[in-house]
Amino acid sequence: MSQQFQAPPGTFDVLPPDSARYTELVARFAGHASRAGFGLIVQPMFEDVGVFQRLGGSTDIVRKEMYDFEDKGGRRIALRPEGTAPVARAYVQHRPSVPWKVWYLTPKFRYERPQAGRFKQHHEVGAEALGTDDADLDVELIALAWFFYADLGLSRVRLLLNSLGDGTCRPAYRAALQAFLEARRDQLCDEHKDRIADNPLRVLDCKRPACQEATKDAPRQLDHLCEPCAAHFARVTSGLDALGIPHTVETRLVRGMDYYTRTTFEFAAEALESAQNAVGGGGRYDGLVEQLGGPATPGIGFGLGIERILLACDAEGVFAVPESRTDVFIVDTTGQAATRLAHRLRQAGVRCDRAFDGRSMKAQMKAADRAGARLALIIGDDEAAAGTVSVRGLQGLRGEGGQETVAMDDVVDYVRGLLT
RNA sequence: GUGGCCGUAGCUCAGUCGGUUAGAGCGCCAGGUUGUGGCCCUGGAGGUCGGGGGUUCGAGUCCCCUCGGUCACCCCA
């Protein structure tokens with residue numbers, strides 16, 4: 001007995017017709033991104049593990065959720081757990097002129113237990129822009145994501161916004177927060193007692209009631225911004241206002257990677273019941289390129305989770321993409337005509353399909369119907385002898401059920417005329 | 001990594017108190033109509049009941065283990 005395999009835990013196959021939503025979603029995002037001056041970046045699925053380790057050492061994503069291994073050449077490799085660091089790595093490697101604006105479609109891998117809206121491999125579309133710290137760019141990125149969601153039909157998405165400060169104001173704030181947390185160490189949950197030293201901001205993000213209560217009056221980064229950071233944030237919020245993008249300032253919003261500075265944001269789908277309601281997130285990372293060995297270069301970007309977006313669309317009842325498989329189906333019982341006719345139609349830009357295995361006319365007509373074709377092109381013995389094709393209208397096309405006889409030589413043009 | 005729930009046909013599910021050849025609907029194939037789809041009718045194919053072990057005269061049903069799924073914690077897209 002042969003072994004049956006299935007997709008590894010936490011992964012999945014997306015088959016037609018469901019995959020039509022993926023292609024349509026990506027096409028829409030590509031449209032928004034290219035209209036905003038972003039070009040596609042295609043990158044490896046894996047990187048030297050150091051690309052990720054060097055900048056997220058105290059985050060769970062890097063500490064315990066990374067798919068890393070040694071390859072046959074003894075290199076330490078990690079499947080990409082996130083998309084920003086590889087883009088920064090590419091920037092350092094190629095030094096493109098700035099501002100450098102790229103968008104991507106990528107799978108992301110995280111070793112964690114699957115759950116509603118959470119997988120070991122999921123897919124994101126995203127955008128990154130490097131080379132300027134102008135707050136207008138922050139607004140442009142956020143607007144790109146925001147109006148992309150709107151384009152899909154989503155209306156119940158909430159933008160959460162925060163500023164984490166920079167190298168000037170963050171250290172002082174961090175120290176003040178650590179002092180505050182140390183004084184209340186006993187009230188924190190066990191897990192976060194240990195995080196005060198290495199990642200105090202993370203404690204603010206804890207959802208346990210005990211932690212929430214203990215940190216209720218904790219100092220807020222937003223109140224400790226230096227003057228330039230405060231001005232930057234004010235320009236971001238006023239820019240969003242100018243575009244009519246509603247936002248909620250969420251002072252506890254920390255996000256998953258250590259490299260974020262200044263603007264951070266997250267998009268929460270309120271239609272999703274599950275705990276996994278973040279459909280996108282991102283922020284500014286003005287120190288990242290330098291940490292990866294490049295020149296000091298500011299940057300900002302985001303990633304949007306395709307699977308969660310589709311879940312949110314289902315919950316809101318929007319973005320139903322009808323499967324559209326073919327326009328024309330060739331019913332050929334002679335076994336002599338279908339191959340050439342299909343080729344001619346396809347070369348002429350007509351979507352067409354056909355049956356195989358020499359099935360009966362009835363079976364081929366059934367197949368034509370199931371394929372969603374608007375026209376059946378019938379070639380039986382009579383047509384073959386006369387050099388003609390019977391063109392029959394199927395569902396959706398005017399004259400449905402009607403049938404006409406057309407010369408084989410003219411049928412491609414005739415069909416194109418009917419379909420336009 | 002921790003915990004709850006669930007595994008019967010390709011899909012959605014039924015299966016009585018443990019009882020003899022494991023069912024339905026949908027889907028698929030064929031026929032009804034030797035050249036015509038949808039609707040209808042008839043028939044057919046398709047299952048080691050997730051896997052292994054145990055209890056029993058007898059296990060889809062009870063017990064243990066295991067694998068898988070799912071949901072939650074954690075974390076995030």
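Please read these numbers as outputs of a predicted model, since none were measured by experiment. Chain naming here is simple, since letters A, B, ... match the order of the sequence lines and numbering starts at 1 in each.
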> Does a side chain donor of either A/Arg374 or A/Thr326 reach within less than 3.5 Å of an acceptor in the other side chain?
Replying inline: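 No, no side-chain donor-acceptor pair sits under 3.5 Å.
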> Does a donor on one side chain and an acceptor on the other come within less than 3.5 Å for A/Ser155 and A/Glu316?
Replying inline: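 Short answer, yes.
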>> Measure CZ/A/Phe119 against P/B/C74 and give the value in whole Å, please.
In response: 19 Å
> At under 4.0 Å, does any side-chain N or O of A/Gln115 touch on OP1 or OP2 of B/A72?
Replying inline: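 Checking B/A72 against A/Gln115, a side-chain N or O does come within under 4.0 Å of OP1 or OP2.
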> Checking all strands, does A/Arg370 fall into the base, sugar-phosphate, or nothing category for heavy-atom contacts under 4.0 angstrom?
Replying inline: sugar-phosphate
> Under 4.0 angstrom, heavy atoms only, what part of the nucleic acid is A/Lys362 near: base, sugar-phosphate, or nothing?
Replying inline: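 Base contact.
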Separation between the [atom1] atoms of [N] and [M], rounded to whole Å:
N     : M     : atom1 : answer
B/U48 : B/C11 : P     : 12 Å
B/A9  : B/A22 : P     : 15 Å
B/U56 : B/G68 : C1'   : 29 Å
B/C41 : B/C63 : C1'   : 48 Å
B/G32 : B/G52 : C1'   : 48 Å

Could one point to a donor on the side chain of [X] or the base of [N] with an acceptor on the other under 3.5 Å away?
X        : N     : value
A/Glu65  : B/G1  : no
A/Arg202 : B/C75 : no
A/Arg255 : B/C75 : no
A/Arg113 : B/G3  : yes
A/Asp369 : B/G38 : no
A/Glu112 : B/C76 : no
A/Gln364 : B/U36 : no
A/Arg118 : B/A77 : no

> Pick one: which of A/Asp166, A/Asp138, A/Asp134 meets salt bridge (Lys or Arg N to Asp or Glu O under 4.0 Å) with A/Arg284?
Replying inline: A/Asp138
> With pairs taken as Watson-Crick or G-U wobble and both distances under 3.5 angstrom, which stems of at least three consecutive pairs involve RNA chain B?
Replying inline: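 B:1-7 with B:67-73, B:10-13 with B:23-26, B:28-32 with B:40-44, B:50-54 with B:62-66 - these are the stems of 3 or more pairs that involve RNA chain B.
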> Relative to each other, are the rings of A/His123 and A/Tyr22 parallel, tilted or perpendicular (30° and 60° limits)?
Replying inline: perpendicular
> Between A/Phe302 and A/Phe265, what is the ring plane arrangement, given parallel below 30°, perpendicular above 60°, and tilted in between?
Replying inline: perpendicular
> Do you know the tightest heavy-atom contact between A/Phe233 and A/Val249?
Replying inline: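 Closest approach of A/Phe233 to A/Val249, heavy atoms only: CZ-CG2, 4.2 Å.
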> Would you say the side chain of A/Leu304 lies within less than 4.5 Å of the side chain of A/Phe29, judging by non-hydrogen atoms?
Replying inline: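 Yes, at least one pair of side-chain atoms sits under 4.5 Å.
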